[in-house]
Amino acid sequence: MDNITIAKTFSAMADMLEIVGENRFRVNAYRRAAETVEASTHDVCTRSKKQLMEIPGIGEDLSDKIIEMSKTGVCKECEQLKKKVPEGLLEVLRVESIGPKTARLLWKKFRVVSMMGLERLLSTGKLEGARGFGVKKVANFKRGLEIHERFRGRQPLGYVLPLAEKIIQALRTSKLCEEVEIAGSLRRGKETVGDIDILVTSREPQKAMDFFVVLPQIKMIEQKGETKARVILTSGIACDFRVVAPEAFGAALYYFTGSKEHNVQARTMAVKNGLTVNEYGVFKVQSRKSIKSKVKNVERVAGKTEEEVMRAIGLPWIPPELREDRGEIEAALVGKLPKLIEEKYIRGNLHMHSNWSDGEETMEAMVRASKRKGYEYVALTDHASSMGMVKGTKEHTVDRYIRMVRAVEKKVGGIHVLAGAEVDIEKDGSLYLSDKSLAKLDFVVASMHLYLKQDRATATKRLIRAMENPYVDCIGHCTSRSLGKREPMDLDMEAVMKAAKRTGTIMELNAHWVRLDLNDIHARLAKEYGVTLSISTDAHTVVESSMMRYGIVTARRAWIEKKNVINTLPWKEFQKMLY
DNA sequence: GCCGTTTTCGGCCCGACTGTTTTCAGTCG
């Protein structure tokens, strides 16, 4: 039983409780617990009841449920709920514009218990005209269904961000908007995002709105009001667009950047101080009654910038990547926010491939690309793997590889080039190259590429054995996940980090957006254990050298500072650390 | 279900847009 499974159970319970019409605050408690457990860097199963109850949002009942699940593998109440609510209905809930009320109605009145049932019902045309269901609503369901099928769930950050930046660019050059910013989970740098949020100020809101909805990237308009539009891009992802007044821009940016959980915490704090926060600003309220009665006998205290808004509610500015209600508000209140890493601190890239193995370009091209980025050093780490690869470093070609790297270093000049390898960790934790060969290399990244479905104990033991090899400097993409394609390996991450600390092994945060591995939670755990990180691109092409930004944003989400990352060190200090 | 320098009971963040209604419920973020 792991955090993810427990989080999923709580989340499913929240959905089911909502469908059966439970008190929404109880539903919320389950949702919040799901988020908290998922974000926890520690394995909640190993925690005592007392420790669990110290976690905000986990009380008497939920801590018992966590303990029950870690002991028995199931949650009785969840099983009972499953008997009440058909499981397939939970997926129906994922369809845009179908919420708990509609799902319940579809189920009780029209016997829909699955996506297939929904599809069938929509195709019969029985729904139109039924009480509460007009033509438009049904059309919305159909569209929602279509989007859901073509486009299940969230898209990777590295795929969505460039799309959003193109739109931002168009809006900025249109001269119709003054401020243009990305908000939402994209601004927070989540590894996957559900949609794009764009926020602008404009003196001509109507014109800005009209300009936006006809951008070439836009396939379909879902909503268009005075201040808000929602469209679907040709790539399938939804994009929300909001126009706000300049004096409210900061408040709106803060509000729409989220996360929802962070907002709830911040607002709750504000309410205690006699303030109310919405997307228009921070306001003083005379009494709680005045909020309830919506009588705005209010005085605006802040709104123009995020700094101003946060200051008004008693907080310093908190970087967007931290706004997940993972302790950032508490840290901010006592002045303990981390000084987050920035891309400009990176002085080298310690994982990349050339056409010696499966990269597309020459060693020289890759090194030159790094030099152009202003790096002081770079490690060429071509594969050393049995993985059906004709190319790559073999036992008998190590010397030749090193000679070639030295020649490239000399030829390019002005950048230190390490002769490295990304060596395969075999099924049993041994390495593809002999110690004698590994000893010759400047930088050894060890990664798992095969047997990725091992059970937790076996996989953890395998990885730790690799770390114990004195010639391994770094573990590459620890869980070997591939976003949207391959699940992460099942590893005991606390044991892994302990071993990394003990053996002095660097843990890579692989910056390629398909990997982002370590993820934000694992990287934060590494920091807690005092493990040194490397943030490197795993680039296979020159273009991929620019993946660094995704690694940085993920590191920031993990509260990582410059001092936690080895490749922020100047060359001389880096060298000292390595040998 | 959680939580308490207002409370162990009674609160729990707040508003836009849509669609189907004639004043509002549902959904979403």
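Each chain gets a letter, A, B and so on, in the order its sequence line appears, and its residues count up from 1. Note that these values count all heavy atoms, side chains included, but never hydrogens, waters or copies made by symmetry.
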> Got a sec, which residues hit side chain to side chain contact (heavy atoms under 4.5 Å, CB included) with A:E306, two or more places apart in sequence or on another chain?
Replying inline: A:R187, A:L253, A:Y254, A:T257, A:W317, A:R323
> When you measure from the side chain of A:N278, which nucleotide among B:dG1, B:dC13, B:dC14 comes out closest?
Replying inline: B:dC14
> Whole Å only: how far is the CD1 atom of A:I55 from the C1' atom of B:dC2?
Replying inline: 14 Å
> Within this structure, what is the CE-to-P distance between A:M53 and B:dG1, rounded to whole angstrom?
Replying inline: 13 Å
>> Rounding to an integer number of angstrom, what distance separates B:dC2 and B:dC13 when you compare their P atoms?
In response: 16 Å
> Does A:I218 reach the side chain of A:F212, with side-chain heavy atoms less than 4.5 Å apart?
Replying inline: yes
> Expressed as a whole number of Å, how far does the C1' atom of B:dT20 sit from that of B:dG26?
Replying inline: 11 Å
> Taking all non-hydrogen atoms of both residues, which atom of A:S63 and which atom of A:M53 are closest, and how far apart?
Replying inline: OG-CG, 3.5 Å
> Is the backbone of A:R524 close enough, under 3.5 Å, to the side chain of A:R557 for a donor and an acceptor to pair up by distance?
Replying inline: no
> Closest nucleotide of DNA chain B for A:P56 versus for A:K224: which of these residues is on the 5' side?
Replying inline: A:P56
> What is the distance, rounded to the nearest whole Å, between atom CE of A:M16 and atom P of B:dG1?
Replying inline: 14 Å
> Think A:T276 has a side-chain N or O under 4.0 angstrom from the OP1 or OP2 of B:dC14?
Replying inline: yes
> Can you check the A:Q265 CD to B:dC12 P distance for me, whole Å?
Replying inline: 15 Å
> Could you give the CD-to-C1' distance, from A:E22 to B:dC2, as a whole number of Å?
Replying inline: 14 Å
> At under 4.0 Å, does any side-chain N or O of A:Y280 touch on OP1 or OP2 of B:dA16?
Replying inline: yes
> To the nearest 0.5 Å, how far apart are OH in A:Y159 and CD1 in A:I237?
Replying inline: 8.0 Å
>> Between B:dC12 and B:dT7, how far apart are the two C1' atoms, rounded to whole Å?
In response: 13 Å
>> Under a 3.5 Å cutoff, is there a donor and acceptor pairing between the side chains of A:E178 and A:T201?
In response: yes
>> Quick check on B:dC12: is either OP1 or OP2 less than 4.0 Å from any side-chain nitrogen or oxygen of A:T268?
In response: no
> Start at the 5' end of DNA chain B and walk down; is the nucleotide closest to A:E60 or to A:M209 reached first?
Replying inline: A:E60
> Between A:L275 (CG) and B:dC13 (P), how many Å, whole number?
Replying inline: 15 Å
> A:H42 vs A:Y529 aromatic rings, parallel, tilted or perpendicular, using cut-offs 30° and 60°?
Replying inline: tilted
>> So if I take every side-chain heavy atom of A:E77 and compare against B:dC17, B:dC13, B:dG1, which nucleotide ends up nearest?
In response: B:dG1
>> Does either side chain, that of A:E324 or that of A:H262, offer a donor lying less than 3.5 Å from an acceptor on the other one?
In response: no
> Just how far, in rounded Å, is C1' of B:dC3 from CE of A:M269?
Replying inline: 17 Å
> Is B:dT18 paired to anything, Watson-Crick or G-U wobble with both distances less than 3.5 Å, and if yes, which nucleotide?
Replying inline: B:dA25
> Taking the same atom, P, in B:dT6 and in B:dG1, what whole-Å distance lies between them?
Replying inline: 27 Å
> Which residues within residues 23-36 of chain A lie with some heavy atom under 4.0 Å of an atom in DNA chain B?
Replying inline: A:N23, A:F25, A:R26, A:A29, A:Y30
> Just to confirm, is there a sub-4.0 Å distance from OP1 or OP2 of B:dC13 to any side-chain nitrogen or oxygen of A:N263?
Replying inline: no
>> What is the separation between atom NZ on A:K272 and atom C1' on B:dC12, rounded to the nearest whole Å?
In response: 11 Å
> Is A:D64 reaching over with its side chain to a backbone N or O of A:I67, donor-acceptor style, under 3.5 angstrom?
Replying inline: no
>> Could you tell me how far B:dA16 sits from B:dG11 if I compare only their P atoms? Round to whole Å.
In response: 25 Å
> Looking only at atom types and distance, does a side-chain atom of A:T36 sit under 3.5 Å from a main-chain N or O of A:R32, one as donor and one as acceptor?
Replying inline: yes
> Along nucleotides 19-29 of chain B, 5' to 3', which nucleotides get a B, which get an S, and which get a -, given that the test is a protein heavy-atom distance under 4.0 Å?
Replying inline: SSS----SSSB
>> I'd like to know if the side chain of A:N3 and the backbone of A:E38 have a donor-acceptor N/O pair within less than 3.5 Å.
In response: no
